[in-house]
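Structure first, commentary second.
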Protein chains: 2
Amino acid sequence: MNKTLEAEVTQLHAEICAGLADPNRILILYALSQGPRNVTELCTELEMPQPLVSRHLKVLRERGMVTTERRGTVVTYSLGDDRLIQALDLLRAVMHDNLAKRAELAQAIL
Amino acid sequence: MNKTLEAEVTQLHAEICAGLADPNRILILYALSQGPRNVTELCTELEMPQPLVSRHLKVLRERGMVTTERRGTVVTYSLGDDRLIQALDLLRAVMHDNLAKRAELAQAIL
DNA sequence: GAACTATATGCGGATAAACGAATGTTATTG
DNA sequence: CAATAACATTCGTTTATCCGCATATAGTTC
């Protein structure tokens with residue numbers, strides 16, 4: 001694997017990570033992990049304006065993180081890969097441990 | 001869990017994800033997964049200028065994703081949590097599957 | 001094809017991220 | 001207290017991201 005190619009792969013890797021790096025997209029992905037949803041359903045479920053949901057879905061779509069199916073005017077989105085949720089869960093656990101450690105430190109100072 | 005608190009937690013979750021969302025930081029994290037490294041070692045190993053490495057390490061440090069230990073003037077960085085690599089590996093696998101699917105589609109078109 | 005519903009996109013502004021280049025800081029050593 | 005080595009930070013610029021608001025497109029129904 002030459003350097004340029006490896007850099008491109010790492011770039012793509014980072015783009016998938018960037019797909020997770022927004023609170024609203026995290027909420028959308030967890031909602032989709034419960035099952036397919038159309039845009040309107042996501043809007044009401046997450047209390048987000050429709051253009052905002054659509055744009056975040058576009059980001060996820062471009063990265064292959066969700067899939068779509070159209071039925072009439074309704075577009076139903078599905079989670080593209082369960083491992084996205086597995087990864088999010090791992091990172092959430094890391095975050096919780098970090099919070100716990102910070103709390104310990106704060107305790108030690110007092 | 002009230003709405004505001006949940007939003008804050010999701011925000012932190014997204015910040016961890018954002019910590020992964022840069023090619024240079026991904027390279028740094030994988031390097032650290034092989035064992036602790038000091039800044040100079042990371043610079044030579046990854047062929048990155050030192051200020052760049054330091055700034056990325058700062059991002060990771062602020063999010064609790066790496067830990068540091070100072071010995072004289074040398075600061076050694078360690079991976080803060082193995083699950084970061086587990087998550088990166090999962091996402092890398094997702095990316096590879098996406099690439100494979102795209103290749104299939106391209107094939108189907110021809 | 002007009003009206004309607006569902007979804008997508010464009011625009012503009014605000015905020016944040018990334019980088020190279022230069023400079024600061026900290027700790028060691030003579 | 002130089003001089004040096006190892007890191008960290010600041011500055012200025014460029015580029016990207018996020019959002020609200022408005023508007024466009026696609027598909028259905030009459």
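All values reported here derive from a predicted model rather than from experimental measurement. In what follows, chains are A, B, ... by sequence order, proteins preceding strands, each numbered from 1.
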d(CE, B:Met48; P, C:dG20) in whole Å: 8 Å

Gap between atoms CZ and C1', on A:Arg70 and D:dT28 respectively (whole Å): 11 Å

What is the distance, to the nearest angstrom, from the CG atom on A:Asn24 to the C1' atom on D:dG20? 13 Å

Rounded to whole Å, the CD-C1' distance (A:Glu62 to D:dC18) equals 14 Å

Sidechain-backbone polar pair: A:Ser33 side chain, A:Tyr30 backbone, donor-acceptor under 3.5 Å: yes

Following the transitive rule for hydrophobic clusters with a side-chain heavy-atom cut-off under 4.5 Å over Ile, Leu, Val, Met, Phe, Trp and Tyr, establish whether A:Val66 and A:Leu42 coincide in one cluster. yes

Could you tell me how far apart B:Leu46 (CG) and D:dC7 (C1') are, to the nearest whole angstrom? 16 Å

Using heavy atoms to find the nearest nucleotide of DNA chain D for B:Thr68 and A:Ala21 separately, return the residue whose nucleotide is more 5′. B:Thr68

Separation of C:dA18 atom C1' from B:Asp22 atom CG, nearest Å, is 7 Å

A:Leu60-A:Leu12 co-clustered via ILVMFWY side chain contacts under 4.5 Å: yes

Using the side-chain heavy atoms of A:Thr73, tell me which of these nucleotides is nearest: D:dA8, C:dA17, D:dT28. D:dT28

Tell me, do A:Glu41 and A:Asn38 make a side-chain contact under 4.5 Å, heavy atoms counted? yes

State whether A:Tyr77 places a side-chain N or O below 4.0 Å from either non-bridging phosphate oxygen (OP1 or OP2) of C:dA6. no

Name the residue closer to the 5' end of DNA chain D, choosing between B:Val74 and A:Arg25 according to the nucleotide with the nearest heavy atom. B:Val74

Does A:Tyr77 reach the side chain of A:Arg61, with side-chain heavy atoms less than 4.5 Å apart? yes

Provide, to the nearest angstrom, the distance between the CG atom belonging to B:Leu57 and the C1' atom belonging to D:dA6. 13 Å

Positions of residues 26-40 of chain B (non-hydrogen atom under 4.0 Å from DNA chain C), listed by number: none

Could you go through nucleotides 9-16 of chain C and list every protein N or O atom that sits under 3.5 Å from one of its N or O atoms, giving the distance for each pair?
none

When you measure from the side chain of B:Pro49, which nucleotide among C:dC19, C:dT26, C:dG20 comes out closest? C:dG20

Any donor and acceptor pair, going by atom type alone, linking the side chain of A:Arg25 with main-chain N or O of A:Leu20 inside 3.5 Å? no

Under-4.0 Å side-chain N/O to phosphate OP1/OP2 contact, B:His56 with C:dC19: yes

Check for a donor-acceptor pair, side chain of B:Arg70 on one end and backbone N or O of B:Gly72 on the other, with a separation under 3.5 Å. yes

Side-chain (A:His13) to main-chain (B:Leu91) donor-acceptor, under 3.5 angstrom: no

So, the side chain of A:Arg55 versus the backbone of A:Val53: is there a donor-acceptor pair under 3.5 Å, distance only? no

Please state how far atom CZ in B:Arg71 lies from atom P in C:dT29, giving the value in whole angstrom units. 14 Å

